[in-house]
S.K.: 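Let me begin by handing over the structure; questions about it come next.
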Amino acid sequence: MNIVNFPFLVFVSSLIALWLSAIAGSYVRTKLRPLADDQRDEFGVVQAAALTLLGLLIGFTFSMATSRYEQRKNYEEAEANAIGTEYVRADLLPDSEATRVRELLRSYLDQRILFYTARHESQLQQINATTAQLQSQLWSVVQARAASQATTLMALVVSGMNDVLNSQGYTQFAWNNRIPFEAWVLLAVIASGCNLLIGYGSHRTRTLLFLVVPLAVSISFFLIADIDSPRGGVIRVQPQNLLILAQSMQAH
């Protein structure tokens, strides 16, 4: 189980870990190595630099998450356009084959909508298997006609079907393109170190005050994980363009 697929778990675990880091820093200050007054200025510089670095890394990671989210949205729109275009180009085929392609495209569109709304891995595996089967059937119909009738119009149909198949692959890549787990580990280590410095640099042990920075950082982690997680988060890409296309197909 990858913890970053569950944003609420990221929030709770990071809040507890960072809060304990601040308390541990305070314990080191009071029990093991007190911070002398003449060292506080230099320590303040180190503490400020570490917190600044943490803020920059959080901002950079948030930018990575939002760019991936926008990529998923763009590919959803591109996929809807590709399917809609091929649905229209099916008119270039003979009647029987055009009807077959439209039926397959409608079924294919239903599976693509389910791909965006599915949350469970077992359901996703079934969707992927059905999608692959429909892709094979769609390509076989177009390929057979193109082989027997190599015209410019058939080239348009083949090109459109190729766009349909490629758009699904691009979408799959975008959904797998996540923030590296190693980046999360590095971010967690730096955040823990910063809270350790906060606890160590405090004048006295104030447990509730030690929650302020861990809470702010944990909320930031939650937001990043939520945007970066295609299925486990609250902020998810909705198949709006695919749904509009499905309604348009039903109307015709």
Side-chain angles (χ1 to χ4, degrees), residues 5 65-178 227-233 235-252:
N5 291 330
T66 53
S67 64
R68 284 160 169 77
Y69 176 78
E70 290 297 327
Q71 186 183 51
R72 292 194 293 269
K73 288 181 61 178
N74 292 337
Y75 280 137
E76 186 271 338
E77 180 181 0
E79 194 165 6
N81 290 336
I83 296 173
T85 299
E86 184 64 10
Y87 191 83
V88 174
R89 290 182 181 180
D91 290 335
L92 301 176
L93 294 168
D95 291 340
S96 59
E97 294 176 352
T99 301
R100 175 61 175 164
V101 167
R102 290 195 189 97
E103 291 176 354
L104 290 173
L105 283 175
R106 282 193 289 266
S107 299
Y108 181 78
L109 179 58
D110 292 338
Q111 293 300 313
R112 298 311 300 152
I113 293 174
L114 289 176
F115 173 84
Y116 281 86
T117 57
R119 281 185 175 265
H120 302 291
E121 185 65 27
S122 58
Q123 183 183 9
L124 184 61
Q125 291 178 356
Q126 179 61 41
I127 292 171
N128 289 335
T130 304
T131 299
Q133 183 179 9
L134 289 170
Q135 286 178 337
S136 178
Q137 293 175 1
L138 283 166
W139 183 253
S140 63
V141 173
V142 173
Q143 184 185 35
R145 173 51 57 181
S148 61
Q149 186 179 347
T151 64
T152 303
L153 293 179
M154 286 303 103
L156 285 175
V157 176
V158 172
S159 175
M161 187 62 67
N162 186 62
D163 290 340
V164 170
L165 303 183
N166 285 342
S167 63
Q168 185 270 338
Y170 296 148
T171 298
Q172 190 68 54
F173 166 78
W175 282 57
N176 293 334
N177 185 22
R178 306 282 302 281
I227 295 175
D228 187 57
S229 178
R231 304 189 187 280
I235 304 174
R236 304 198 308 170
V237 175
Q238 300 298 326
Q240 297 178 349
N241 297 284
L242 293 173
L243 289 171
I244 293 173
L245 178 61
Q247 293 174 359
S248 176
M249 287 182 177
Q250 291 176 359
H252 293 82

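Start at 1 with the first residue, then count along the sequence.
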S.K.: I need the I235 CD1 to D228 CG distance, nearest 0.5 Å.
M.R.: 11.5 Å

S.K.: So, using ring-ring contact (aromatic ring centres under 6.0 Å, His included) as the criterion, who are the partners of F173 when residues are at least two apart?
M.R.: none

S.K.: With sequence neighbours excluded, what pairs up with N166 under the side-chain contact (heavy atoms from CB on, under 4.5 Å) test?
M.R.: N162, Y170

S.K.: Using side-chain contact (heavy atoms from CB on, under 4.5 Å) as the criterion, list what pairs up with L124, not counting sequence neighbours.
M.R.: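 Scan of L124 (side-chain contact (heavy atoms from CB on, under 4.5 Å), adjacent residues dropped) gives F115, E121, N128, R231.
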
S.K.: Among residues at least two apart in sequence or on other chains, which ones pass side chain to side chain donor-acceptor pair (under 3.5 Å) with Q135?
M.R.: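 Partners of Q135 by the side chain to side chain donor-acceptor pair (under 3.5 Å) criterion, ordered by chain and then number, come out as Y108, Q168.
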
S.K.: Using salt bridge (Lys or Arg N to Asp or Glu O under 4.0 Å) as the criterion, list what pairs up with E79, not counting sequence neighbours.
M.R.: R112

S.K.: Begin with the C-alpha distance, continue with both residues' side-chain angles, and end with the deciding distance and a verdict on side chain to side chain contact (heavy atoms under 4.5 Å, CB included) for T131 and I127.
M.R.: CA-CA 6 Å; T131 299; I127 292 171; 4.0 Å; yes

S.K.: Please list all pairs passing the ring-ring contact (aromatic ring centres under 6.0 Å, His included) test where one or both residues lie in residues 116-165, with sequence neighbours left out.
M.R.: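 Residue pairs with at least one partner in residues 116-165: Y116-W175.
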
S.K.: Say you draw a straight line from CZ of R106 to CD of Q250; how long is it, rounded to the nearest 0.5 Å?
M.R.: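 CD of Q250 is found 9.0 Å from CZ of R106.
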
S.K.: Is there side-chain contact between R68 and P230, with heavy atoms separated by less than 4.5 Å?
M.R.: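 When only atoms from C-beta onward are counted, P230 and R68 do not touch, as no gap falls below 4.5 Å.
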
S.K.: Please check: side-chain N/O of T85 versus main-chain N/O of N81, any donor-acceptor pairing under 3.5 Å?
M.R.: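 Judged by distance alone, yes, a pair lies under 3.5 Å.
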
S.K.: Other residues, nucleotides and ligands only: do more than 12 of their heavy atoms fall within 6.0 Å of CD on Q123?
M.R.: yes

S.K.: Holding to salt bridge (Lys or Arg N to Asp or Glu O under 4.0 Å), I want the full list of residues that pass it with E103, two or more places apart in sequence or in another chain.
M.R.: none

S.K.: Run the ring-ring contact (aromatic ring centres under 6.0 Å, His included) test against Y69 and tell me which residues pass, sequence neighbours left out.
M.R.: none

S.K.: Nearest 0.5 Å please: distance from the CD atom of Q71 over to the OG1 atom of T171.
M.R.: 9.5 Å

S.K.: How close do A146 and V158 get, heavy atom to heavy atom, and via which atoms?
M.R.: CB-CG2, 3.6 Å

S.K.: Among residues two or more places apart or on two chains, list those pairs meeting salt bridge (charged side-chain N to carboxylate O under 4.0 Å, His left out) that have a residue in residues 235-250.
M.R.: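 Matches after skipping sequence neighbours: none remain.
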
S.K.: Apply side chain to side chain contact (heavy atoms under 4.5 Å, CB included) to M161 and Q143, showing your working.
M.R.: CA-CA 10 Å; M161 187 62 67; Q143 184 185 35; over 6 Å; no

S.K.: Could you pull out the closest heavy-atom pair between L245 and A80, with the gap in Å?
M.R.: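 Scanning both residues, the minimum pair turns out to be CD2-O, 3.4 Å.
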
S.K.: Could you state the interatomic distance from CD (E70) to CD1 (I227), rounded to the nearest 0.5 Å?
M.R.: 9.5 Å

S.K.: Can you measure from CD1 (I83) to CG (L105) and round to the nearest 0.5 angstrom?
M.R.: 7.0 Å

S.K.: Under the salt bridge (charged side-chain N to carboxylate O under 4.0 Å, His left out) definition, can you give me all pairs with a residue in residues 142-162, not counting sequence neighbours?
M.R.: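 Residue pairs passing salt bridge (charged side-chain N to carboxylate O under 4.0 Å, His left out), neighbours aside: E97-R145.
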
S.K.: Which distance, rounded to the nearest 0.5 Å, do you find between the CD of E77 and the CG of L242?
M.R.: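 E77 atom CD to L242 atom CG measures 10.5 Å (nearest 0.5 Å).
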
S.K.: Given D163 and E86, is the side chain to side chain contact (heavy atoms under 4.5 Å, CB included) satisfied, shown in steps?
M.R.: CA-CA 8 Å; D163 290 340; E86 184 64 10; over 6 Å; no

S.K.: Do other residues, nucleotides or ligands put more than 12 heavy atoms under 6.0 Å from the CG atom of N176?
M.R.: yes

S.K.: Take V157 and L153, measure what side chain to side chain contact (heavy atoms under 4.5 Å, CB included) needs, and give me the verdict at the end.
M.R.: CA-CA 7 Å; V157 176; L153 293 179; 5.9 Å; no

S.K.: Could you tell me which residues satisfy side chain to side chain donor-acceptor pair (under 3.5 Å) with Q126, sequence neighbours excluded, listed by chain and number?
M.R.: T130

S.K.: Considering residues at least two apart in sequence or located in another chain, which fulfil the salt bridge (Lys or Arg N to Asp or Glu O under 4.0 Å) criterion with R89?
M.R.: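 In terms of salt bridge (Lys or Arg N to Asp or Glu O under 4.0 Å), with neighbours along the sequence ignored, R89 is linked to no residue.
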
S.K.: Between S167 (side chain only) and V164 (backbone N and O only), is there a donor and an acceptor less than 3.5 Å apart?
M.R.: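 Yes, S167 side chain to V164 backbone: donor-acceptor pair under 3.5 Å.
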
